[in-house]
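Below: one structure, written as structure tokens.
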Amino acid sequence: MAYWLLKSEPDDWSWDQQQARGKAGEDWSGVRNYQARNNLRAMKVGDRGFFYHSGAGKEIVGIVEVSAPAQPDPTDKTGQWLSVKVRAVRDIPSPVSMPDIKSNSRLKNMVLVRNSRLSVQPVSPDEWRIICEMGGLDSTARSS
DNA sequence: GCCAACGTTGGC
DNA sequence: GCCAACGTTGGC
């Protein structure tokens, strides 16, 4: 299973809204960046992702699961962009903020630190585990 | 509100 | 194909 990080402005699409969609999930649409599109294409159903609030917030607030693979973005008329579907899995008990991440030397190579503008990012297994621990999820909670 | 980083556009 | 100009993103 691969790990990802999805960024959203809470004013645009918030974690509360994502959670409210429940198991039905929501299209992760509107991505218009090639690198981000390539990451969407690489996602498999069952992959996990951090839900990160950019702008107001700047913190990882939840975990989502890819529930449908990449398909043409319904909001794109040109047919060249992709979206996946994600559903909320759980919140992070103690949201992990950008300063938290930047102050952890083990996370200094995170894409979020190196290229904060990329809206769909890969996360390494180590980074995933470290952030889950920082967020207050024990290994039992993480594996379910 | 500022500005650095990044991506895209378009003239050459 | 290079690169300057421009627009956007997002942390601060």
Side-chain angles (χ1 to χ4, degrees), chain A residues 1-138 141-142:
Chain A
M1 174 188 352
Y3 299 105
W4 308 94
L5 183 145
L6 303 174
K7 279 191 322 186
S8 183
E9 289 272 353
D11 289 345
D12 182 37
W13 182 252
S14 71
W15 176 238
D16 281 350
Q17 289 173 289
Q18 180 70 52
Q19 282 188 303
R21 297 308 306 269
K23 289 187 176 176
E26 178 77 7
D27 272 323
W28 202 265
S29 57
V31 172
R32 298 292 183 270
N33 171 282
Y34 291 106
Q35 220 180 327
R37 184 189 68 179
N38 291 342
N39 290 331
L40 289 174
R41 184 182 283 133
M43 288 183 184
K44 293 185 169 58
V45 172
D47 282 357
R48 293 293 171 97
F50 288 130
F51 191 109
Y52 176 79
H53 275 161
S54 60
K58 297 181 201 62
E59 57 187 9
I60 292 169
V61 291
I63 291 176
V64 294
E65 179 181 71
V66 177
S67 56
Q71 55 197 349
D73 184 337
T75 69
D76 165 42
K77 289 188 171 61
T78 72
Q80 64 172 322
W81 301 107
L82 299 172
S83 66
V84 298
K85 186 165 277 193
V86 296
R87 66 172 186 87
V89 173
R90 57 164 26 90
D91 12 64
I92 303 285
S94 171
V96 180
S97 71
M98 176 66 84
D100 292 340
I101 290 165
K102 285 197 164 177
S103 64
N104 187 326
S105 63
R106 300 184 66 195
L107 299 175
K108 65 170 187 272
N109 289 323
M110 267 195 85
V111 179
L112 190 66
V113 174
R114 300 225 153 177
N115 180 10
S116 62
R117 291 185 53 181
L118 185 61
S119 62
V120 180
Q121 314 179 355
V123 173
S124 78
D126 275 350
E127 291 161 354
W128 184 268
R129 182 174 45 76
I130 292 165
I131 289 171
C132 284
E133 286 170 3
M134 291 167 75
L137 291 172
D138 64 23
R142 266 183 278 133

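Throughout, protein chains are lettered first and strands after them, A, B, ... in sequence-line order, and every chain is numbered starting at 1. Heavy atoms only: backbone and side chains are in, while hydrogens, waters and symmetry mates are out. The shown structure was predicted, so the numbers you read here are calculated from the model rather than taken from an experiment.
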Legend entry - Check ion pair A:Asp73-A:Arg32 (N to O, under 4.0 angstrom): yes
Legend entry - d(CZ, A:Arg114; C1', B:dC6) in whole Å: 16 Å
Inset, instruction - May I have the distance from A:Arg117 (atom CZ) to B:dA5 (atom P), rounded to whole angstrom? - result: 11 Å
Inset, instruction - Write down the distance between NE2 (A:His53) and P (C:dG11), rounded to a whole number of angstrom. - result: 12 Å
Inset, instruction - Calculate, to the nearest 0.5 Å, the distance between atoms CD and CG belonging to A:Gln17 and A:Asp12 respectively. - result: 8.0 Å
Inset, instruction - Just compare B:dA5, B:dT8, C:dC12 and give me whichever is closest to any side-chain atom of A:Lys102. - result: C:dC12
Legend entry - Candidates B:dT8, B:dG7, C:dG11 - which lies nearest the side chain of A:Asn115: B:dG7
Legend entry - Spacing between A:Ile101 atom CD1 and C:dG11 atom C1', to the nearest angstrom: 13 Å
Legend entry - Within-4.5 Å side-chain heavy-atom neighbours: A:Ile60 and A:Pro95: no
Legend entry - Length of the line joining A:Lys58:NZ and C:dC12:C1', which is rounded to integer Å: 7 Å
Inset, instruction - Would you check if the distance from the ring center of A:Tyr52 to the ring center of A:Trp15 is below 6.0 Å? - result: no
Legend entry - N or O in side chain of A:Lys7 less than 4.0 angstrom from C:dG10 OP1/OP2: yes
Legend entry - A:Gln121 CD to B:dC6 P, straight-line distance once rounded to whole Å: 12 Å
Legend entry - Interatomic distance where CE belongs to A:Met98 and C1' belongs to B:dA5 [whole Å]: 13 Å
Legend entry - Nearest-Å distance for atom pair CD/P, residues A:Gln35 and C:dT8: 20 Å
Inset, instruction - Report yes if a side-chain nitrogen or oxygen of A:Tyr52 is closer than 4.0 Å to either non-bridging phosphate oxygen (OP1 or OP2) of C:dG11; otherwise report no. - result: yes
